[in-house]
Enquirer: 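Supplied in structure tokens, the structure appears directly below.
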Amino acid sequence: MKSVFFGAVSATALIASAVHAEPQAEVLHWWTSGGEAKSVAVLQEEFASKGGQWTDMPVAGGGGDAAMTALRARVLSGNAPTAVQLKGPAIQEWYEEGVLADISSVAEAQGWADVLPASIAGHMKCEGTWCAAPVNVHRVDWIWANADVLEANGIEMPSTWDEFNAAAEKLQAAGIIPLAHGGQAWQDATVFEAVALGILGADGFRKAFVDLDMDTLKSDAMKAVFDQMRTMRGYVDDNFSGRDWNLATAMVMNGEAAFQIMGDWAKGEFMAAGKAPGEDFLCASVPGDGFLYNVDSFAMFDVDGDDKKAGQELLAELIVGQNFQKVFNLNKGSIPARIDVSLEEFDSCAHLSAKDMGESSDNGSLLPSYAHGMALRGAQSGAITDVVTAHFNSDMSSDEAVNMLADAVANSM
């Protein structure tokens with residue numbers, strides 16, 4: 001449906017007048033844990049308040065992998081959901097299959113180009129048209145810590161990997177698990193890319209995991225990344241295999257473990273449990289410079305029916321609206337994708353995230369996360385993660401891992 005927009009007339013009003021359809025939306029997403037479920041409920045409530053009917057389709061597990069399997073089945077059967085949680089190159093891949101809807105009319109009426117950072121907006125466009133709506137900006141390269149555990153053991157938040165290792169050894173000697181971790185491939189990849197950013201630096205990270213530069217992938221610096229991963233494997237408890245990320249966060253909450261390396265959706269779990277940053281838990285970027293981002297977004301799929309198209313336009317307007325951007329991100333732990341949303345009600349970790357994102361954007365160290373589907377297409381990112389997980393769960397040497405990494409990337413091209 002194409003609409004002509006005039007002045008301050010909203011997309012909502014035009015939907016009502018143009019098609020007289022009750023907005024309908026079946027929304028596929030993987031926000032099922034405490035902080036995530038609370039966050040998506042905000043959008044459901046706002047959609048309902050505008051007269052929309054929301055059909056929820058949550059698919060838990062695998063950092064979105066299970067949701068993508070469900071989506072593939074729906075699209076192949078000719079019954080695509082109205083809106084789907086997608087991100088990064090996956091948006092472009094679905095566009096190339098000819099199944100995404102054009103939401104440029106809403107984007108242009110609402111002035112998205114003026115309020116979204118250019119790098120974020122770029123992920124939301126398909127050959128110049130708007131095909132997805134950004135929800136937030138997650139920082140991936142965080143270390144979270146139990147404040148009481150660190151204080152009781154005389155440990156400061158580490159600013160180098162040597163400091164992290166020294167703290168971990170001290171904690172281990174005191175009978176505390178140094179690193180809460182879940183043995184799932186995407187969690188292994190999250191830790192790996194955080195370590196890689198600190199050791200390779202922003203330029204090296206970009207060459208390795210955006211440009212797929214073979215010299216960098218096979219470099220001594222990459223061997224050092226795997227060396228640190230091998231060291232960190234020794235700081236994880238024996239029962240980590242298959243553990244969900246939010247259960248690892250709970251280990252830090254209850255003092256069973258000291259640290260977790262995870263994106264700031266972990267903060268959403270702390271906050272949902274009533275924990276206060278700076279008092280109950282601490283946050284810091286991982287050692288090294290740079291900022292790894294993961295942007296949640298919703299792509300609108302090509303569907304039949306004025307009610308579903310009206311639902312898509314209403315959803316797109318609400319998702320990028322200032323109110324939802326504020327309330328959602330207060331719950332989720334991330335920061336707004338819009339740069340004009342006040343952070344007055346946000347916590348100290350969010351302020352640090354926004355400050356670092358601005359500085360990284362200025363100095364060229366604002367980087368898309370490979371582990372969370374922002375930097376690479378599925379074949380390449382999957383090839384890297386397979387090597388990372390194989391190394392983490394074996395006695396493979398760093399030399400072997402680097403050679404396997406280069407071969408895996410080359411074979412995925």
Side-chain angles (χ1 to χ4, degrees), residues 11-12 15 22-64 66-68 70-71 74 81-87 103 106 132-138 244-247 249-250 253 262-277 294-301 307-308 310-338 341-347 349-350 372:
T12 308
I15 290 166
E22 183 179 67
Q24 304 264 350
E26 183 184 17
V27 184
L28 189 156
H29 63 89
W30 59 87
W31 287 327
T32 56
S33 69
E36 294 174 325
K38 187 176 180 181
S39 299
V40 77
V42 173
L43 184 58
Q44 293 184 43
E45 291 163 7
E46 194 166 358
F47 189 74
S49 74
K50 299 290 186 180
Q53 287 197 353
W54 174 297
T55 301
D56 204 36
M57 189 181 173
V59 181
M68 292 303 96
L71 173 61
R74 289 286 301 271
T82 318
V84 179
Q85 184 184 352
L86 282 182
K87 58 189 177 183
I103 55 171
V106 176
V135 173
N136 58 5
V137 177
H138 274 301
D244 287 336
W245 69 269
N246 52 312
L247 299 181
T249 304
M253 277 193 222
M262 185 54 62
D264 48 22
W265 46 94
K267 186 184 69 176
E269 295 296 297
F270 283 111
M271 304 291 273
K275 304 297 183 181
N294 171 26
V295 178
D296 286 313
S297 55
F298 280 95
M300 306 302 169
F301 277 65
D307 53 352
K308 293 181 180 179
Q312 288 179 332
E313 295 200 6
L314 177 56
L315 266 179
E317 180 183 348
L318 295 177
I319 287 168
V320 190
Q322 286 205 31
N323 181 65
F324 176 69
Q325 290 268 319
K326 181 186 80 170
V327 177
F328 176 91
N329 286 293
L330 282 169
N331 286 326
K332 187 70 161 60
S334 42
I335 58 175
R338 292 180 69 120
V341 176
S342 171
L343 297 180
E344 184 178 351
E345 298 177 46
F346 284 74
D347 61 83
C349 298
H372 293 273

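All values below were derived from every heavy atom in this structure, side-chain atoms included, with hydrogens, water molecules and symmetry-related copies excluded.
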Enquirer: So, the side chain of Q312 versus the backbone of F301: is there a donor-acceptor pair under 3.5 Å, distance only?
Expert: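 Yes, the answer is positive, given that a donor and an acceptor are paired below the 3.5 Å cut-off.
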Enquirer: For G333, is there any backbone N or O sitting under 3.5 Å from a side-chain donor or acceptor partner on K267?
Expert: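 Looks like yes, one N/O pair under 3.5 Å.
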Enquirer: Who are the side chain to side chain contact (heavy atoms under 4.5 Å, CB included) partners of A272, not counting sequence neighbours?
Expert: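 In terms of side chain to side chain contact (heavy atoms under 4.5 Å, CB included), with neighbours along the sequence ignored, A272 is linked to no residue.
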Enquirer: Is the side chain of T82 donor-acceptor paired with the backbone N or O of E26 at a distance under 3.5 Å, no angle test?
Expert: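 Checked: pair present.
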Enquirer: So how far is it from M300 CE to K308 NZ, rounded to the nearest 0.5 Å?
Expert: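 M300 CE to K308 NZ: 14.0 Å, rounded to 0.5 Å.
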Enquirer: What distance do L330 atom CG and S39 atom OG have between them, rounded to the nearest 0.5 Å?
Expert: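 The CG atom of L330 sits 9.5 Å away from the OG atom of S39.
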Enquirer: Between Q325 and V135 (side chain of the first, backbone of the second, donor and acceptor by atom type, cut-off under 3.5 Å), is there such a pair?
Expert: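 Side chain of Q325 to backbone of V135, a donor-acceptor pair under 3.5 Å: yes, one is there.
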Enquirer: Is a side-chain donor or acceptor of N136 paired with a backbone partner of D296 at a separation under 3.5 angstrom?
Expert: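 Here the side-chain-to-backbone pair exists.
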Enquirer: When you measure from the side chain of R338 to the backbone of V320, do you find a donor-acceptor pair of N or O atoms at a distance under 3.5 Å?
Expert: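 Checking the backbone N and O of V320 against the side chain of R338, a donor-acceptor pair under 3.5 Å is found.
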Enquirer: Look at the side chain of D347 and the backbone N and O of A350, then say whether any donor-acceptor pair between them is shorter than 3.5 Å.
Expert: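 A pair under 3.5 Å: yes.
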Enquirer: May I ask you to decide if the ring planes of W54 and F47 are parallel, tilted or perpendicular, using 30° and 60° as cut-offs?
Expert: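 Rings of W54 and F47: perpendicular, over 60°.
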Enquirer: Are the side chain of Q85 and the backbone of W30 linked by a donor-acceptor contact shorter than 3.5 Å?
Expert: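 A pair under 3.5 Å: yes.
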Enquirer: Can any side-chain N or O of K326 pair as donor or acceptor with the backbone N or O of V341 at less than 3.5 Å?
Expert: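 It does not hold such a pair.
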Enquirer: Quick one: do the S334 and D264 side chains pair a donor with an acceptor below 3.5 Å?
Expert: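 No pair is found: no donor N or O on one side chain lies under 3.5 Å from an acceptor on the other.
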